[in-house]
Number of protein chains: 2
Amino acid sequence: MSLPEKTVERLSEYRRTLLDCLNQGKSHIFSHELAALLHNTAVQVRRDMMLMGFTSMQRKGYAIKELIEAIGELIDTSEGLNVAVIGVGNLGRAITGYFQGKRSKLNIVATFDIDPEKIGRMIAGVKCYSLDDFPKLVGDLQISIAILTVPPEHARNIADFVASSGIKGIQNFTTAPLNMPPHVYLEEYDMITSLEKIAYFVKNHQG
Amino acid sequence: MSLPEKTVERLSEYRRTLLDCLNQGKSHIFSHELAALLHNTAVQVRRDMMLMGFTSMQRKGYAIKELIEAIGELIDTSEGLNVAVIGVGNLGRAITGYFQGKRSKLNIVATFDIDPEKIGRMIAGVKCYSLDDFPKLVGDLQISIAILTVPPEHARNIADFVASSGIKGIQNFTTAPLNMPPHVYLEEYDMITSLEKIAYFVKNHQG
DNA sequence: GATGTAATGTTATATTAATAACAATGTTTA
DNA sequence: TAAACATTGTTATTAATATAACATTACATC
Ligand SMILES: NC(=O)c1ccc[n+]([C@@H]2O[C@H](COP(=O)([O-])OP(=O)(O)OC[C@H]3O[C@@H](n4cnc5c(N)ncnc54)[C@H](O)[C@@H]3O)[C@@H](O)[C@H]2O)c1
Ligand SMILES: NC(=O)c1ccc[n+]([C@@H]2O[C@H](COP(=O)([O-])OP(=O)(O)OC[C@H]3O[C@@H](n4cnc5c(N)ncnc54)[C@H](O)[C@@H]3O)[C@@H](O)[C@H]2O)c1
């Protein structure tokens, strides 16, 4: 009953692009226009619209404002989702800083570390807590998503700990593959692998 | 003729895991052992082995050292591939710093920016050049892959510029979707989209 | 009002990837 | 040596995703 993963990804991208269009004063957009802005195809756009049950003004294209709202209905929760960053090193700091200032329904409300130098301080605009306080703060701050940017050798233990504290989703930037229970939605991004894949296809000159 | 993308990704992960195994003194590994370390299945491992044409010691498992080398044959080039980071902000610095110290066949040999404060200095251990010098340095330093971490509003122009200078692969961390000619292998990772996807599946409680 | 057209919504097909099925092979043990 | 077993390599099936095909709609124009 839920949308395909790839469609959800595209909806997120559609929305961001549509917000730009709205700011430029556009009120409607054709499937092929949106497709061109995102380097995919008009058919794909229309198919995604169909899957989410959104229907156009016949012959006028899709109403941008309404579409943005419809995507929001699917992706956002009314109060927003609170996010924690675990491990405030170089990457964790970059991510935390990046999200500050972006007003969205995803708010980084806390960071966690074990380095006493960092605990208690504001890091990239967000308070850093001891990881020991995580279970308590999950409840207090209504945290539902954790971004994992700790050293890879600790990733598994920390992920298990975090998951057992009631988190619903994890974004793992560590190179250590995780194994989560089914009630925790896990998304992994392995930067090294991603680059090595590029290397492979560059080497085997796919073009 | 070339391997499926997903297989290439897994090969990279296999190799990293296998290196750990080798360090622990293991010489052979069964498909189900490797699978368990990576939370995928033995069948998937064997199928990948088949696709890359690697064959086991019957009943003894796969020879780890040889397998690592075989994966290297596919992914690495003998001299290694040189990489540039374009846009040395928070994310670019984190990535550059991360790759320093990792000895691998992927070397970040230069960074580029337009901020005069940064140009000419060492940033995260690598010299920062003016983007204007990029076409020249691509040749001098044999750069074949660019990591794009510039502000999204400039991403398209810079990507076009970089591609026209002879780069073979681009890793785009910008939220701006790119459109590259077929001889440039493009990999995009959109962190916002990735998180919004988690939000969607958390909200729709897939577990 | 018929005709052409530009766009949509939906069904059908093709591609890609994951999973399952299973025969073949070597190993151990009786 | 035969039977039981563990493990592999490969082929077959299923699932997920993207692409294509096409009938339908609304409107413009003659
Ligand atoms: N920096 C990058 O661009 C990059 C690229 C690819 C992968 N990664 C991965 O991201 C992770 C973080 O990378 P980084 O460069 O930020 O590393 P880092 O060393 O700068 O940061 C790690 C942080 O985690 C903290 N930490 C250590 N143990 C902890 C624990 N038990 N609980 C909570 N916090 C703990 C450390 O105090 C430190 O602040 C690593 O797993 C790395 O493999 C990073
Ligand atoms: N920081 C993150 O964790 C994060 C997360 C998601 C996406 N991103 C994306 O990554 C990109 C970089 O993010 P950041 O947080 O590092 O931003 P940042 O502002 O810290 O860094 C941007 C850098 O690009 C340089 N720059 C600007 N114009 C340039 C040009 N024309 N040529 C070369 N360099 C130029 C700036 O001088 C600066 O050093 C952005 O597109 C952002 O959307 C970052």
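Between D:dT7, C:dA18, D:dG9, one nucleotide has an atom nearer to the side chain of B:Q44 than all others, and that is C:dA18. With D:dA21, C:dT8, D:dT7 as the candidates, the nucleotide lying closest to the side chain of A:F30 is C:dT8. Closest approach to the B:K6 side chain among C:dT8, C:dA17, D:dT17 is made by C:dA17 (side chain taken as heavy atoms from C-beta onward). Nearest nucleotide to the B:R46 side chain, out of D:dT17, D:dG9, D:dA20: D:dG9.
Using a 4.0 Å cut-off, no side-chain N or O of B:T7 falls inside it from OP1 or OP2 of C:dA17. Checking the phosphate oxygens (OP1, OP2) of D:dA18, no side-chain nitrogen or oxygen of A:T41 falls inside 4.0 Å. Listed pair B:R47 / D:dT8 fails the phosphate criterion, with no side-chain N or O lying under 4.0 Å from OP1 or OP2. When the side-chain nitrogen and oxygen atoms of A:S31 are compared with OP1 and OP2 of C:dT8, one or more of them lie within a distance under 4.0 Å.
Following rounding to the nearest Å, A:F54 (CZ) and C:dT10 (P) show an atom-to-atom distance of 14 Å. The separation between A:E5 atom CD and D:dA15 atom P is 17 Å, rounded to whole Å. Atom CE in A:M50 sits about 14 Å away from atom C1' in D:dT19, given to the nearest Å. Rounded to a whole Å, the CE atom of B:M52 is 14 Å from the P atom of D:dT10.
Under the 30°/60° scheme for interplanar angles, the aromatic rings of B:F112 and B:F134 are found to stand perpendicular. In this pair, A:F201 and B:Y185 present their aromatic rings parallel. The plane angle is below 30°, not in the 30 to 60° band.
In this model, a side-chain donor or acceptor of B:R59 finds a partner on the base of D:dA6 within 3.5 Å.
Summarising the local packing, CD of B:E69 is surrounded by more than 12 heavy atoms from other residues, nucleotides or ligands at distances under 6.0 Å.
With A:C21 as the fixed residue, the side chain to side chain contact (heavy atoms under 4.5 Å, CB included) test singles out one of A:I68, A:L34, A:I64: A:I64.
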